[in-house]
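Beneath this line is the structure, given in structure tokens, with notes to follow.
Every chain is numbered from 1 and lettered A, B, ... according to where its sequence line falls, protein lines coming before strand lines. In what follows, every heavy atom counts, from backbone to side chain, and hydrogens, waters and symmetry copies are set aside. Predicted, not measured: the structure shown is a model, and the values here were computed from it.
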Number of protein chains: 2
Amino acid sequence: MTTSPLTVAEPSTPSFSPLYQQIKSLILQSLHAGEWKPGEPIPSEIDLAARFRVSQGTVRKAIDELSAENLVVRRQGKGTFVATHAEQHVQYRFLKLVPDSGDVDAEGPAEREIVDCKRQRASADVARALSLRTGDAVLQVRRVLAYRGTPTILEELWLPGTPFKGLTAERLTAWHGPMYALFETEFGVRMVRAEEKIRAVLPDASQAALLAVATSTPLLSVERVAYTYHDTPMELRRGLYRTDTHHYRNDLG
Amino acid sequence: MTTSPLTVAEPSTPSFSPLYQQIKSLILQSLHAGEWKPGEPIPSEIDLAARFRVSQGTVRKAIDELSAENLVVRRQGKGTFVATHAEQHVQYRFLKLVPDSGDVDAEGPAEREIVDCKRQRASADVARALSLRTGDAVLQVRRVLAYRGTPTILEELWLPGTPFKGLTAERLTAWHGPMYALFETEFGVRMVRAEEKIRAVLPDASQAALLAVATSTPLLSVERVAYTYHDTPMELRRGLYRTDTHHYRNDLG
DNA sequence: TAGTGGTCTAGACCACATA
DNA sequence: ATGTGGTCTAGACCACTAC
């Protein structure tokens with residue numbers, strides 16, 4: 001391999017990027033462009049090395065980082081696959097609420113009920129969170145999640161109208177499996193990371209009714225913005241969690 | 001380098017560990033044993049490679065993982081250093097409470113006030129969290145953290161008595177800087193990771209008084225167990241956070 | 001100038017999966 | 001038997017830091 005790779009890293013260029021970073025970003029582009037679909041394998045390291053005219057080790061390091069960011073999944077002997085929310089053991093990718101007792105349990109809420117799903121115009125704060133303009137079309141979904149008959153999570157979420165054109169309450173209700181898997185397979189929107197802001201709040205009367213608690217019951221307010229590739233916000237979610245029998249679990253490295 | 005390394009990895013042994021994992025665990029032992037103190041450099045990759053009779057690349061991969069776990073810090077051209085809570089920009093290693101407004105702010109609470117610090121016997125739940133026996137000696141500390149004069153965090157923490165013999169309210173009050181830095185320099189206890197359980201609660205009368213809020217104000221209850229090397233729990237901390245002007249920020253990968 | 005970590009390469013062998 | 005990712009090595013060169 002003596003010929004030059006795609007982009008020769010100029011020595012002492014002000015903005016310099018290691019070769020493997022350039023390769024990583026090329027692979028990221030292909031992921032985003034949908035060259036390989038979620039769940040499918042990407043080309044082998046050797047193939048990618050040939051394609052980009054670099055060594056296998058350089059491709060390896062690029063994939064190492066993509067793997068660390070959960071964008072791809074390596075499987076020894078089989079290949080490297082585009083990460084997907086479907087076919088994944090974990091039902092709820094970003095949900096950190098777990099029962100106080102069971103730990104190995106690892107089960108998410110069993111019952112889901114869509115309260116409603118309607119198109120509307122983005123309010124100022126929703127628009128800001130989703131990088132839209134106030135008044136742009138958005139989809140609003142409300143639902144309740146229950147553990148063993150006990151309603152525990154009240155969720156309200158907003159999606160940008162354009163990418164999610166055609167999403168209805170019926171399709172949501174008919175869908176069994178992770179909501180993010182539906183977004184992925186039906187709308188080509190893959191959530192890759194999220195930010196949450198957590199507060200303690202008291203519910204208003206309607207919220208309390210949906211969760212079957214008193215309005216004096218403190219609840220966890222979890223506001224999540226989920227992003228797809230290139231840090232594009234694609235979902236705003238506001239959840240109210242009951243924390244009398246469950247808690248939000250967080251690991252700090 | 002043709003001679004065998006420390007432990008020859010037997011082929012097809014039931015429990016097999018890659019060489020670099022073995023090296024990592026050897027380095028970890030030295031870290032735990034205090035062979036290199038926090039803030040000090042560890043030997044260069046080449047030296048470690050010679051010491052363990054493996055290639056530099058293998059040592060490199062071991063250090064890569066230690067670095068990803070924040071146990072060491074690499075500095076190009078200078079060396080690899082044992083991570084430390086002192087001399088670190090971040091004042092509060094595990095605190096995720098940030099002002100609603102400021103983001104770049106990155107400032108922790110400016111004022112700290114030790115409410116009290118006393119020796120006592122571990123209750124059942126404190127003992128369980130710290131892997132002690134009920135009745136074992138523990139130190140209990142209570143303090144209030146304030147942002148610009150507004151008390152915002154009420155913290156109650158328990159430390160195992162033996163490793164922290166000699167810790168008093170005076171020493172805590174006299175100490176300026178991160179509490180974990182004091183633990184590190186004065187007691188040789190370095191916290192490397194933590195787990196938090198978060199709930200929404202209402203304060204009792206005394207808690208409300210210390211935070212200057214009504215007993216009807218919902219607060220974030222953050223229970224943290226911090227671990228030193230080898231997953232040994234060394235601190236139980238229960239915090240009550242006001243979330244009217246601040247929020248708990250979490251990034252989900 | 002010397003030493004450190006950072007990048008890149010090339011090749012060997014291993015473990016795993018599949019046909 | 002073949003192809004995949006996983007490990008390990010050895011050596012080259014680069015960038016940063018210190019003396």
What is the separation between atom CD on B:E45 and atom P on D:dC8, rounded to the nearest whole Å?
16 Å
Between A:K78 and C:dT18, is there a side-chain N or O to OP1/OP2 distance below 4.0 Å?
yes
Whole-Å distance between C:dT7 C1' and A:Q22 CD?
12 Å
B:R112 side chain to B:G177 main-chain N or O, any donor-acceptor pair under 3.5 Å?
yes
Do any N or O atoms from the side chain of A:R93 and from the backbone of A:A181 form a donor-acceptor pair under 3.5 angstrom?
no
Of the nucleotides C:dG5, D:dT7, D:dG5, which has the atom closest to the B:Y20 side chain?
D:dT7
Quick one: is C:dG5 close enough that its OP1 or OP2 comes under 4.0 Å of any side-chain N or O from B:T80?
yes
Do the non-hydrogen side-chain atoms of A:N250 and B:K96 ever get within less than 4.5 Å of each other?
yes
Where the side chain of B:V54 is concerned, which of D:dG5, D:dT9, C:dT9 is the nearest nucleotide?
D:dT9
Please confirm whether the shortest side-chain N or O distance from A:S55 to OP1 or OP2 of C:dA10 is below 4.0 Å.
no
Pick base, sugar-phosphate or nothing for B:Q76, based on heavy-atom distances below 4.0 Å to the nucleic acid.
base
Atom CZ of A:F81 and atom C1' of C:dT18 are separated, to the nearest Å, by 12 Å
Angle class for the A:F164/A:F183 ring planes (parallel below 30°, perpendicular above 60°, tilted otherwise)?
perpendicular
Would you tell me if any nitrogen or oxygen in the side chain of A:R74 comes within less than 4.0 Å of OP1 or OP2 on D:dG6?
yes
Nucleotide D:dT9, atom P - distance to CD1 of B:I46 in whole Å:
14 Å
Assert: residue with more 5' nearest nucleotide on DNA chain D, out of B:G77 and A:D64, is A:D64
Expressed as a whole number of angstroms, how long is the span from B:L19:CG to C:dC14:P?
14 Å
By the 4.0 Å heavy-atom rule, please label A:R60 as base, sugar-phosphate, or nothing.
base
Between C:dT4 atom C1' and B:I63 atom CD1, what is the distance in whole Å?
11 Å
May I ask you to decide if the ring planes of B:H32 and B:H230 are parallel, tilted or perpendicular, using 30° and 60° as cut-offs?
perpendicular
Can you tell me the distance, in whole Å, between the NZ atom of B:K61 and the P atom of D:dG5?
14 Å
Residue whose closest nucleotide on DNA chain C lies nearer the 5' end, B:Q56 versus A:P18
B:Q56
Grab the CZ-C1' distance between A:F52 and C:dT9 for me, whole Å please.
18 Å
